[in-house]
Amino acid sequence: MRGTITATGIILVVLAGYALSCAIRPFRDCWLCDGKGHHRSKRKRKLSRPCRWCSSTGKRLRYGRRLWNRARRVHRDAGVAR
């Protein structure tokens, strides 16, 4: 019983930490271009091309922030008509 409470507490602390980090820094570096906004093609051409995953910004919205934005949007759109 005590082990279950401890494990639940640890999971809640980790989730709260991740939520806080998503609130402070909602964007992360793009995984494809490593935050550069462009990458070399697979054929090793000298010209680099824009990154299609981050739209050449080098940043992507984190998964936790994406989930938070979606939950907030659902809550806002589900307003009760009076």
How long is the straight-line distance from CD1 of I10 back to CG of L15, given to the nearest 0.5 Å?
12.0 Å

Can you give me the closest heavy-atom contact between L61 and N69, atom names plus distance?
CD2-ND2, 3.7 Å

Taking atom SG of C51 and atom CZ of R49, what is their separation to the nearest 0.5 Å?
8.5 Å

Quick check: are there more than 12 heavy atoms from other residues, nucleotides or ligands sitting under 6.0 Å from CZ of R70?
no

Testing the basics here: between L32 and H39, what is the closest heavy-atom pair and its distance to 0.1 Å?
CD2-NE2, 3.8 Å

Closest non-hydrogen atom pair between G64 and Y18, with its separation:
N-OH, 3.2 Å

Verify the neighbour count for atom CZ of R25: are there more than 12 heavy atoms of other residues, nucleotides or ligands below 6.0 Å?
no

Atom of P26, atom of R65 and distance for their closest heavy-atom approach
CB-CG, 3.7 Å

Working to the nearest 0.5 Å, report the span between SG of C54 and NZ of K36.
12.0 Å

Can you measure from CZ (R52) to SG (C33) and round to the nearest 0.5 angstrom?
12.0 Å

Kindly indicate whether the side chain of R60, heavy atoms from C-beta on, has any atom under 4.5 Å from the side chain of R66.
yes

CZ on R72 to CG on L67, rounded to 0.5 Å
12.0 Å

Tell me if a side-chain donor or acceptor on T57 pairs with a main-chain N or O of K59 at a distance below 3.5 Å.
yes

